[in-house]
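First up is the structure itself, then whatever we jot down about it.
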Amino acid sequence: HNFFLPEGAKIVAGVDALYNSSYKLDVTAVDFLTQKAFTIVNADLGYHSADGRWSATAWIKNISDRAVYNDARRYGVSSFSGADIRPPRTFGVRMSYNFF
């Protein structure tokens, strides 16, 4: 959403969410290799100057720090060997400047 300030600058806020139902982490039907349903929420808040030359935005991804598995590997019938996990909570600041 854009919030316009009296001097012409603006504040831009955004939130997005991803919901995913449960899924198998490998081709077998082993219960312990199932990722349960999850929701990931991200947000950002930015300031854009009145002349449009610069902006600064703070952002955060995976706000709840939810561990979500992309896939898993196993050897044998029940031994678990490893998995790929999506990134944990991450955050930062993005700044930009337009020279033209």
Side-chain angles (χ1 to χ4, degrees):
H1 186 76
N2 293 325
F3 298 94
F4 295 98
L5 302 175
E7 303 83 27
K10 67 180 175 178
I11 294 175
V12 178
V15 175
D16 64 85
L18 163 73
Y19 171 79
N20 212 121
S21 60
S22 65
Y23 54 87
K24 298 293 182 187
L25 296 170
D26 75 348
V27 296
T28 64
V30 179
D31 284 339
F32 74 88
L33 291 176
T34 300
Q35 171 62 57
K36 294 181 179 173
F38 63 90
T39 302
I40 300 289
V41 179
N42 309 310
D44 57 76
L45 182 65
Y47 175 84
H48 295 255
S49 67
D51 62 5
R53 304 237 10 200
W54 68 273
S55 67
T57 302
W59 55 268
I60 183 168
K61 295 180 184 273
N62 192 2
I63 291 172
S64 65
D65 201 22
R66 176 77 191 257
V68 175
Y69 293 90
N70 288 323
D71 65 30
R73 291 163 301 287
R74 68 186 180 100
Y75 296 107
V77 176
S78 63
S79 60
F80 176 70
S81 69
D84 294 322
I85 300 176
R86 293 185 187 200
R89 178 186 306 128
T90 55
F91 53 90
V93 175
R94 181 176 53 250
M95 298 181 75
S96 65
Y97 185 84
N98 185 359
F99 293 95
F100 301 102

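Computed from a predicted model, the values in this text were never measured in an experiment.
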Do L45 and I60 share a hydrophobic cluster (ILVMFWY, side-chain heavy atoms under 4.5 Å, transitive)? no

Work out which heavy atom in G52 is nearest to a heavy atom in N98; give both atom names and the distance. O-CB, 4.3 Å

Heavy-atom nearest pair, Q35 first then R66, reads NE2-NH2, 3.9 Å

With sequence neighbours left out, write down each residue that passes ring-ring contact (aromatic ring centres under 6.0 Å, His included) with W54, or none if nothing qualifies. Y47

I'd like to check the side-chain hydrogen bond (donor to acceptor under 3.5 Å, both in side chains) partners of N2; sequence neighbours left out, ordered by chain and number. none

How close do R89 and S64 get, heavy atom to heavy atom, and via which atoms? NH2-C, 3.9 Å

OH (Y69) and NZ (K36) are apart, to the nearest 0.5 Å, by 11.5 Å

Using a 4.5 Å cut-off on heavy atoms from C-beta on, say whether the side chain of P6 contacts that of F4. no

What's the spacing between Y19 OH and T39 OG1 if we round to 0.5 Å? 6.5 Å

Nearest heavy-atom approach of S55 to S96 is OG-OG, 2.8 Å

Give the C-alpha distance, both sets of side-chain angles, the deciding distance and a yes or no for side chain to side chain contact (heavy atoms under 4.5 Å, CB included) between F38 and R86. CA-CA 12 Å; F38 63 90; R86 293 185 187 200; 4.0 Å; yes

Between D16 and V41, is any pair of side-chain heavy atoms under 4.5 Å apart? no

Could you pull out the closest heavy-atom pair between D65 and P88, with the gap in Å? OD1-CB, 3.4 Å

Let me confirm one number: the CZ-OG1 distance from R94 to T57, rounded to the nearest 0.5 Å. 5.0 Å

Do L18 and Y23 belong to the same hydrophobic cluster, where Ile, Leu, Val, Met, Phe, Trp and Tyr are linked whenever their side-chain heavy atoms lie under 4.5 Å apart, directly or via other members? yes

Does any non-hydrogen side-chain atom of V12 lie less than 4.5 Å from one of H1? no

Given the rule in the side chain to side chain donor-acceptor pair (under 3.5 Å) test, do T34 and K24 qualify, once you have shown the distances and angles that lead to the verdict? CA-CA 4 Å; T34 300; K24 298 293 182 187; 3.1 Å; yes

Sequence neighbours excluded, which residues qualify as ring-ring contact (aromatic ring centres under 6.0 Å, His included) partners of Y97? F99

Which atom pair, heavy atoms only, marks the closest approach of I40 to N62? CD1-OD1, 3.5 Å

